[in-house]
Student: 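Have a look at this one.
Every number for a ligand or one of its atoms is a count from 1 in the order of the listing. Everything quoted here is computed from the prediction, not taken from an experiment.
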Amino acid sequence: MNSGCLFCKIAAKQIPAKMIYEDADVFAFEDIGPQAPTHILICPRKHFSSLNEAAPEDQAVLGKMQLVAAELARKNNLLRGYRTVINSGVGAGQSVFHLHLHLLGGREFAWPPG
Ligand code: AMP
Ligand code: ZN
């Protein structure tokens, strides 16, 4: 745990969040500022600032984040279309520096993204 990290504090239940899914490797909760009817953040329990800090030994947890996203998309009836996004770095809009995968669904999405 990184004691200064918002999402580590959510994982430790020191800050409240609407938790959707938890296991030994990952946790998922509702985004506080949803950009779509469904907007869930899926995080590794291990603290990484961003994808830039991930190493080969983190392959399994990175894969699990994707599989949890797909499972939550099914559970939330998003199979017409959903989007998974990882913003990496300030230039991509990252604002919380604990790696997280956004799962967005329940509306139409444009491409290219903004
Ligand atoms: P990003 O800009 O990719 O780093 O995404 C950070 C996300 O975290 C944003 O969508 C925020 O709305 C969300 N967020 C920030 N604080 C909280 C919080 N306390 N609980 C839930 N989501 C949060
Ligand atoms: Zn953290």
Student: Should Phe7 be counted as touching ligand 1, given the test is an N or O pair under 3.5 Å?
Tutor: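 No; every N/O pair is 3.5 Å or more apart.
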
Student: Are the side chains of His102 and Arg83 in touch, meaning some heavy atoms are under 4.5 Å apart?
Tutor: no

Student: Just distances here: any N/O of His39 and N/O of ligand 1 closer than 3.5 Å?
Tutor: no

Student: Give the C-alpha distance, both sets of side-chain angles, the deciding distance and a yes or no for side-chain contact (heavy atoms from CB on, under 4.5 Å) between Leu62 and Leu99.
Tutor: CA-CA 10 Å; Leu62 295 172; Leu99 178 61; 3.7 Å; yes

Student: Which atoms of ligand 1 sit under 4.0 Å from any heavy atom of Gly93?
Tutor: 1 (P), 2 (O)

Student: At what distance is the nearest protein heavy atom to atom 4 (O) of ligand 1, and which residue and atom is it?
Tutor: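 Of every protein heavy atom, Ser95 N, 2.6 Å lies nearest to atom 4 (O) of ligand 1.
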
Student: Show me which atoms of ligand 1 lie under 4.0 Å from any heavy atom of Asn87.
Tutor: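 Counting atoms of ligand 1 from 1, those under 4.0 Å from Asn87 are 3 (O).
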
Student: Are the side chains of Met19 and Ile10 in touch, meaning some heavy atoms are under 4.5 Å apart?
Tutor: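 Result yes, sub-4.5 Å side-chain heavy-atom pair found.
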
Student: Decide whether an N or O pair under 3.5 Å exists between Phe29 and ligand 1.
Tutor: no

Student: Take the Zn ion (ligand 2) as the centre and count protein N, O or S atoms at distances under 2.8 Å.
Tutor: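 With waters ignored, the protein N/O/S count below 2.8 Å is 4.
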
Student: Measure across Ala24 and Arg45 and return the closest heavy-atom pair with its distance rounded to 0.1 Å.
Tutor: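 Reported closest heavy-atom pair: O-CD, 3.3 Å.
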
Student: Indicate, as side chain, backbone, both or neither, the part of Glu30 found under 4.0 angstrom from ligand 1 when only non-hydrogen atoms are considered.
Tutor: backbone

Student: Once rounded to the nearest 0.5 Å, what's the spacing between atom CD of Gln35 and atom CZ of Phe109?
Tutor: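 Gln35 CD to Phe109 CZ: 10.0 Å, rounded to 0.5 Å.
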
Student: Between Gln94 and ligand 1, is there a nitrogen or oxygen pair with a distance under 3.5 Å?
Tutor: no

Student: Would you give the length of the straight line joining atom CG of Leu78 to atom CZ of Arg107, rounded to the nearest 0.5 angstrom?
Tutor: 12.0 Å

Student: Would you indicate which of Val85, Asp31, Ile15, Ile10 comes nearest to atom 12 (O) of ligand 1 when only heavy atoms are counted?
Tutor: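 It is Asp31 that holds the nearest heavy atom.
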
Student: Can you name the nearest heavy-atom pair linking His98 to Cys8, along with the distance?
Tutor: ND1-SG, 3.5 Å

Student: Any side-chain to backbone donor/acceptor pair from Gln14 onto Ser3? Under 3.5 Å, distance only.
Tutor: no

Student: How far apart are the closest heavy atoms of Ala28 and Leu72, and which atoms are they?
Tutor: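 Closest approach of Ala28 to Leu72: CB-CD1, 4.0 Å.
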
Student: Heavy-atom count check: over 12 atoms from other residues, nucleotides or ligands less than 6.0 Å from Gln59 CD?
Tutor: no

Student: May I ask you to decide if the ring planes of Phe7 and His100 are parallel, tilted or perpendicular, using 30° and 60° as cut-offs?
Tutor: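 Geometry flag for His100 against Phe7: perpendicular rings.
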
Student: List the closest protein heavy-atom neighbour of atom 16 (N) of ligand 1: residue, atom name, distance to the nearest 0.1 Å.
Tutor: Leu6 CD2, 3.4 Å

Student: Return the closest protein heavy atom for atom 21 (C) of ligand 1 as residue, atom name and distance.
Tutor: Ile32 N, 3.3 Å

Student: Students should be able to answer this: which protein heavy-atom is nearest to atom 1 (P) of ligand 1, and at what distance?
Tutor: His100 NE2, 3.1 Å

Student: Short question: side chain of Glu53, backbone of Ser50 - any donor-acceptor pair under 3.5 Å?
Tutor: yes

